[in-house]
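Below, chains carry the letters A, B, ... as their sequence lines are ordered, and counting in each starts from 1.
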Protein chains: 2
Amino acid sequence: MPRFNLVFKALADPTRRKIILLLKEADMTAGEIAGHFDMTKPSISHHLNVLKQSLLVTDERKGQNIYYSLNMTVFQEVINYFFNITHKNEGEIDDEKGK
Amino acid sequence: MPRFNLVFKALADPTRRKIILLLKEADMTAGEIAGHFDMTKPSISHHLNVLKQSLLVTDERKGQNIYYSLNMTVFQEVINYFFNITHKNEGEIDDEKGK
DNA sequence: TAGATATTTAGGCAAATATCTAAATAACTG
DNA sequence: CAGTTATTTAGATATTTGCCTAAATATCTA
């Protein structure tokens, strides 16, 4: 289960949403990501850290570079959160069945 | 199109997410909502205002009371935002067709 | 191991946020 | 219209956030 506080805080910043759109197209190094913004690398690093803490993205070092990717599982869980709001009380029966 | 900045900022607070869950069950007055929290009414009023600015909720005065409700349209649009992230480039053809 | 490249960590500051108390506004009621 | 109830607005304060520069860490290469 995602920590919705961290997830929505992460999503509340336009720089971070743009990073997500970049990573949707392809995994990328921190430097490549920073290249898409008019902002210092430490600032982008900060945003990447916020995204990482939210679990929306993961990172993996490969040699000198650190590659970032989207964590689709968490996005799916966020979709479920909204689905549960828009679709009243579905799953109620299943919950009870869980004896 | 929703203002994602305002929407995600609104969702980033646990009090506001709990308000959303309350309103999922039934429309409610500001006072009824405040009754569910250990917080002053002005603070809840502030949270309701943030939710209203995000368009996630609407308000309507009925006599002395102001009733709050969820705006399902915006929730659906947020679901679409996530759907577009999880489902790569779908709709691309349609976009081009829009000549 | 010294130098170069990639990235993060630390520290500081300005702006935004969440909360409170006190006061203002709106609507009903006798 | 005076009093009561429902809600918001204003003003103050503490915390968090986003950005920067400077310094530190990690890795590769000669």
Closest non-hydrogen atoms of A:Asn65 and A:Tyr67, given as atom of the first, atom of the second and distance, are CB-CE1, 3.9 Å

Which residues pass the side-chain hydrogen bond (donor to acceptor under 3.5 Å, both in side chains) test with [X], not counting sequence neighbours?
X	result
B:Ser45	none
B:Gln53	B:Asn49
A:Thr86	none

Gap between atoms [atom1] and [atom2], on [X] and [N] respectively (whole Å):
X	N	atom1	atom2	answer
B:Asp59	D:dT8	CG	P	8 Å
B:Leu6	C:dA16	CG	P	13 Å
A:Leu51	C:dT8	CG	P	12 Å
A:Asn49	C:dT9	CG	C1'	10 Å
B:Ile66	D:dT5	CD1	C1'	13 Å
A:Tyr67	C:dA6	OH	C1'	11 Å
B:Glu32	D:dT5	CD	P	17 Å
B:Glu60	D:dA6	CD	C1'	16 Å

Tell me, do B:Ile44 and B:Thr40 make a side-chain contact under 4.5 Å, heavy atoms counted?
no

Pairs counted only when both distances fall under 3.5 Å, Watson-Crick or G-U: show me the 5' to 3' dot-bracket for DNA chain D, [ ] for pseudoknotted crossings and | for other-strand partners.
||||||||||||||||||||||||||||||

Does A:Tyr81 have any ring pair (Phe, Tyr, Trp, His ring centres under 6.0 Å) partners at least two apart in sequence or in another chain, and if so, which?
A:Phe4, A:Phe8

Distance-only check: which donor-acceptor pairs under 3.5 Å involve side-chain atoms of residues 68-76 of chain B, not counting sequence neighbours?
{"from": "B:Ser69", "atom 1": "OG", "to": "B:Asp27", "atom 2": "OD2", "distance (Å)": "3.4"}
{"from": "B:Asn71", "atom 1": "OD1", "to": "B:Thr73", "atom 2": "N", "distance (Å)": "3.3"}
{"from": "B:Asn71", "atom 1": "ND2", "to": "B:Leu55", "atom 2": "O", "distance (Å)": "3.1"}

Partners of B:Lys52 by salt bridge (charged side-chain N to carboxylate O under 4.0 Å, His left out), sequence neighbours excluded?
B:Asp59

Given protein heavy atoms under 4.0 Å, the one-letter contact record of nucleotides 18-27 of chain C, with B base, S sugar-phosphate only and - none, is simply SBBBB---SB

Sequence neighbours excluded and cut-off under 3.5 Å, please list the side-chain donor-acceptor pairs for residues 10-22 of chain A, or say none.
{"from": "A:Asp13", "atom 1": "OD1", "to": "A:Thr15", "atom 2": "N", "distance (Å)": "2.8"}
{"from": "A:Asp13", "atom 1": "OD1", "to": "A:Arg16", "atom 2": "N", "distance (Å)": "3.2"}
{"from": "A:Arg16", "atom 1": "NE", "to": "A:Ala10", "atom 2": "O", "distance (Å)": "2.8"}
{"from": "A:Arg16", "atom 1": "NH1", "to": "A:His47", "atom 2": "ND1", "distance (Å)": "3.1"}
{"from": "A:Arg16", "atom 1": "NH2", "to": "A:Lys9", "atom 2": "O", "distance (Å)": "2.9"}
{"from": "A:Arg17", "atom 1": "NH1", "to": "A:Leu11", "atom 2": "O", "distance (Å)": "2.7"}
{"from": "A:Arg17", "atom 1": "NH1", "to": "B:Asn5", "atom 2": "OD1", "distance (Å)": "2.9"}
{"from": "A:Arg17", "atom 1": "NH2", "to": "B:Asn5", "atom 2": "OD1", "distance (Å)": "2.9"}
{"from": "A:Lys18", "atom 1": "NZ", "to": "A:His36", "atom 2": "O", "distance (Å)": "3.3"}

Would you say D:dT8 has OP1 or OP2 under 4.0 Å from some side-chain N or O of B:Tyr68?
yes

Reckon A:Ser45 has a side-chain N or O less than 4.0 Å from the OP1 or OP2 of C:dT9?
no

